[in-house]
Protein chains: 2
Amino acid sequence: MNNRETILENALILFASFGYDATGVQEICDQSGITKPTLYHYFRSKRGLMEALLKENYTPYIKRLKDACEYRRDLPQNIAEVLRSTFHFAESNLLFYKLQFSMRNAPARGEAYDIITPWIKAQHEPVLSLFSAAEKDNGNMRGRAQAYTITLLGMANAYIQQAVEEDIALNDDLAYQARQQFMYGIFS
Amino acid sequence: MNNRETILENALILFASFGYDATGVQEICDQSGITKPTLYHYFRSKRGLMEALLKENYTPYIKRLKDACEYRRDLPQNIAEVLRSTFHFAESNLLFYKLQFSMRNAPARGEAYDIITPWIKAQHEPVLSLFSAAEKDNGNMRGRAQAYTITLLGMANAYIQQAVEEDIALNDDLAYQARQQFMYGIFS
DNA sequence: ACCTTACTATACCGTACGGTATAGTGATTT
DNA sequence: AAATCACTATACCGTACGGTATAGTAAGGT
């Protein structure tokens, strides 16, 4: 494994364990067996390192999420796919999931929040389009696309948190259960 | 207002805006119009300041939550009360709610997480007892008290987040809606 | 008058931070 | 053989951090 990958790997572990602010560049270098100029050669700053980390880990999930949000007049199917892709995202790289979750919920005026903002948008945007498209087929959903987006993703996180703490699998069954519960919230 | 209260008030604003790590003691002092020895007189350390902040703001909520979790063989009633008290907690001091939420979801090895851990337990414990008590009256809930606790509190957070971002009121109607959705998840 | 107590300002401590200037190294290109 | 390139180590920069030693001040008790 080359130095760039080693740095990214150790940065993920340290950032996820101690947070962005509390993790020093020197610490990442020590853990990776390199020195600072090497790190600054590959990533132009601490921020640049975090940006690269987010890009590498988010990209496949966002791509799959976009597919999951392609509306084909079957909203329940879409919702199941959104939940499945999000569960898979969390399960396949739990460390990164924890990191991004803590950053999303970090105070809004910190560097960490700045860096993750575009990715939050990239996640919300396709889900929001999905519910906007579904509105046209279902009158009593009108004007609530934004609310549905927040609630669906919020519920996914609640399920993931539960699965992590209870050590149960984030499988399709759980996604189905979450979908039923979410849809009940919509149509009641 | 005395200096102690001024410091606590400004610390809340700054910690909630920029985070515990990113907020310097000097910044809090400047904002409060005092100097560091004054702060260190009232609070023995930066950590002590945060602990005092949590204690003052959490205590009334935990007390009310405990009442809400007193089981009288009417679980739906208890759940409604848990949601109501939590919604009220968030709405009456949104800044503090945001602060504690970001700390709860912060990386588990930081000082901020250490400080808040006992309060997380103080919140979980009465809700867990509630579901444990309800288990005895309802066989098909057996062994899931922990899962219900996490899901209920997680759902409350999802609703609060939605209410904040959509600028809608965290009133009893919303608590009722959240309860229905949660109970659907239990009994299905 | 004297002592204690609660509180506050000036000025400083050691440490760690993010980042870099300098000087290489070893492989590839010309 | 010379020059170029990607990469890496040593040693250092200025700044900001959490925290404190010292020296008061102002009020109340005796």
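Heavy-atom basis, side chains included; hydrogens, waters and symmetry copies ignored. Per chain, numbering begins at 1; letters A, B, ... match sequence-line order.
- Between the CG atom of Leu49(A) and the C1' atom of dG19(C) there is a distance of 14 Å, given to the nearest Å.
- Atom CZ of Phe43(A) is separated from atom C1' of dG19(C) by 16 Å (rounded to the nearest Å).
- dC7(D) atom C1' lies 14 Å from atom CZ of Arg4(A), rounded to whole Å.
- Closest approach of Thr151(A) to Gln162(B), counting heavy atoms only: OG1-OE1, 2.6 Å.
- Taking atom CD1 of Ile34(A) as the reference point, atom P of dT25(C) lies 20 Å away to the nearest angstrom.
- One donor-acceptor pair, N or O on each side, does fall under 3.5 Å between the base of dG19(D) and the side chain of Lys36(B).
- Between the side chain of Glu135(B) and the backbone N or O of Gly143(B) there is at least one donor-acceptor pair closer than 3.5 Å.
- Contact annotation: Tyr42(B) side-chain N/O to dT8(C) OP1/OP2 distance is under 4.0 Å.
- Between the OH atom of Tyr40(A) and the P atom of dC17(C) there is a distance of 11 Å, rounded to whole Å.
- The hydrophobic clustering, which links ILVMFWY residues whose side-chain heavy atoms are closer than 4.5 Å, places Tyr42(A) and Leu14(A) together.
- Rounded to whole angstrom, the span from the CG atom of Asn2(B) across to the P atom of dA6(C) amounts to 15 Å.
- The Val25(A) side chain lies nearest to dG18(C) when the options are dG18(D), dC7(C), dG18(C).
- Note on His41(B): a side-chain N or O is less than 4.0 Å away from OP1 or OP2 of dC7(C).
- Side chain of Lys46(A) to main chain of Thr23(A): a donor-acceptor pair is present (N/O by atom type, distance under 3.5 Å, no hydrogens or angles).
- Side-chain contact between Gln177(A) and Asp173(A) is absent, with no heavy atoms from C-beta onward closer than 4.5 Å.
- Residue whose closest nucleotide on DNA chain D sits further toward the 5' end, between Thr23(B) and Asn3(A): Asn3(A).
- Note on Ser45(B): every side-chain N or O is 4.0 Å or more away from OP1 and OP2 of dG18(D).
- Regarding contacts with the backbone of dT10(D), every side-chain N or O of Thr35(A) stays at 4.0 angstrom or more from both OP1 and OP2.
- Rounded to whole Å, atom C1' of dG19(C) lies 13 Å from atom CD1 of Ile28(A).
- With the nearest nucleotide of DNA chain C identified for both Pro37(A) and Asp21(A), Asp21(A) has the one nearer the 5' end.
- Put simply, CD on Glu111(B) is 15 Å from P on dC17(D), counting in whole angstrom units.
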